[in-house]
Amino acid sequence: MGCMKDPTARFHARTLVDRLRASTSRCADLETLAQAIFETVAADVPFGFACLATTDPTSGLINSTYKSHPLAMGEDDFAAAEYGAPDINLFTDLAQRPLPVGVLSIDTDGHPDRCRRLREFMGPQFGFTDEIRLVCRNQSTTWGLLAIYRDRDQPTFTAAEGKQVATVHPVIADAVRRTVFAAKRSGSINPGPFAVLIVDIHNQLTDTTQTAAAMIDELGGWDHGSLPASVLFVVFSSRMTGQPAEGRVLGRSGTWLRVRAVALTGPTPNRSVALTIETADATTVGQMVIAARGLTAREQEVVGLILQGASTKDIAGTLHLSPHTVQDHLKAIFTKLNVTSRRELIGQFALT
């Protein structure tokens with residue numbers, strides 16, 4: 001099901017922000033949302049290729065990707081480019097900027113080939129010559145990432161185009177957040193309580209439990225011989241940092257899954273990784289739902305403590321706030337969630 005566009009939007013919306021808000025307001029799924037974003041942005045800032053990635057709002061890891069047109073390859077190289085060696089304008093770095101955008105040709109003083117992923121991967125493989133990257137966040141929570149690319153027959157992006165794209169980051173974040181939690185999925189899974197997978201240095205499975213195939217299919221299935229993006233980005237994050245990594249992913253059936261990875265002991269960074277994939281428990285889903293309501297990070301902490309039964313005094317002590325400040329947060333939370341009491345708040349999440 002596609003987006004239902006307002007036929008008068010073109011005449012009444014004057015800015016890219018206005019047009020994007022109109023074109024994405026009724027998208028029923030992430031695939032059509034991504035295409036609406038690409039078409040609307042391209043009208044103002046033309047490009048040769050674009051990719052929208054959604055992220056786990058609690059860990060920040062990529063959990064799905066959508067492209068403006070297919071590329072004949074899986075996600076392995078994209079994951080390696082983002083979670084490999086240091087590079088220019090990585091999404092994790094852009095997220096720290098007040099305005100979370102990066103124009104590669106501008107940020108490299110006109111020498112985009114200084115960027116490892118463009119020089120070694122995106123240029124040779126696809127002919128891309130420049131890139132704008134955008135971190136899309138609502139309040140302090142990141143919900144998506146947008147990257148658009150210019151081809152060899154197109155000019156490099158300008159600083160003005162970068163600023164124009166940057167204006168839409170909260171609109172995209174809100175659209176992704178809304179669509180993720182409003183999308184209706186069909187089907188159901190019964191793969192068992194969890195699956196265990198071992199991924200080798202070539203990102204191929206070497207050992208699995210019997211439930212792994214069902215879990216992989218629920219996460220989107222194999223893509224040109226590659227594991228789903230939600231698995232690969234967790235694998236690369238753990239492999240390169242040497243630390244456990246975790247992502248939460250909405251499966252095809254509408255079930256939230258929890259993907260966790262830990263790199264096995266080895267002599268090089270390119271070591272095998274052990275993963276578990278399991279149906280997310282109520283606490284994990286609750287964290288996602290809280291994040292989806294547009295609350296700030298501090299407000300999410302307050303709601304989490306309320307759901308645990310904490311009093312105002314308890315919340316103040318745990319978060320090192322004054323009781324008055326806690327009450328201010330509660331007022332803001334009640335307004336955003338359209339409730340008038342703690343009981344209503346708790347009931348709202350219990351019914352989610």
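For R21 and D174, the salt-bridge test fails: no basic side-chain N is under 4.0 Å from an acidic carboxylate O. Comment: K67 engages E75 in a salt bridge, judged by a side-chain N to carboxylate O separation of less than 4.0 angstrom. Between D107 and R97 there is a salt bridge, since at least one side-chain N of the basic residue sits less than 4.0 Å from a carboxylate O of the acidic one.
Grouping the Ile, Leu, Val, Met, Phe, Trp and Tyr side chains by contacts below 4.5 angstrom, directly or via other members, places L90 apart from I148.
A side-chain donor from one of N63 and T54 sits under 3.5 Å from a side-chain acceptor of the other. Residues D44 and Q164 bring a donor and an acceptor atom of their side chains to less than 3.5 Å of each other. Between the side chains of R342 and S311, no donor-acceptor pair of N or O atoms lies under 3.5 Å. Using a 3.5 Å distance cut-off with no hydrogens or angles, the side chains of N89 and R117 do not pair a donor with an acceptor. Side-chain contact, S23 with E39: no donor N or O sits under 3.5 Å from an acceptor N or O. Judged purely by distance below 3.5 Å, without hydrogens or angles, the side chains of R239 and N203 pair a donor atom with an acceptor atom.
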Inset, instruction - For side chain to side chain donor-acceptor pair (under 3.5 Å), just list the numbers for D328 and T325, CA-CA rounded to whole Å, side-chain angles, deciding distance to a tenth of an Å, and then say yes or no. - result: CA-CA 5 Å; D328 286 341; T325 300; 5.3 Å; no
Inset, instruction - May I have the step-by-step check of side-chain contact (heavy atoms from CB on, under 4.5 Å) for C136 and W143, ending in yes or no? - result: CA-CA 6 Å; C136 306; W143 288 94; 5.9 Å; no
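Under the side-chain contact (heavy atoms from CB on, under 4.5 Å) criterion, I106 pairs with V103, A159, not counting sequence neighbours. Every residue two or more places apart in sequence or in another chain that forms a salt bridge (Lys or Arg N to Asp or Glu O under 4.0 Å) with E246 is listed here: R248, R258. For T55, the side-chain contact (heavy atoms from CB on, under 4.5 Å) criterion is met by I62, T142, L145, not counting sequence neighbours.
Surrounding NZ of K163 are at most 12 heavy atoms belonging to other residues, nucleotides or ligands under 6.0 Å away.
Between F38 and F47, the two ring planes are perpendicular [angle over 60°; tilted spans 30° to 60°]. Below 30°, between 30° and 60°, or above 60°: for F49 and H69 the angle between ring planes is above 60°, a perpendicular geometry.
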Exercise answer: donor-acceptor pairs, residues 229-238 side-chain atoms, under 3.5 Å, sequence neighbours excluded:
unit_1: S238; atom_1: OG; unit_2: Q243; atom_2: O; d: 2.9
unit_1: S238; atom_1: OG; unit_2: A263; atom_2: N; d: 3.0

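Pairs of residues two or more places apart, or lying in two chains, never qualify as ring pair (Phe, Tyr, Trp, His ring centres under 6.0 Å) while including a residue from residues 89-115. Residue pairs meeting the ring pair (Phe, Tyr, Trp, His ring centres under 6.0 Å) criterion with at least one member in residues 241-263, sequence neighbours excluded, are F181-W256.
Looking at heavy atoms from C-beta onward, P155 lies in side-chain contact with R150 at the 4.5 angstrom threshold.
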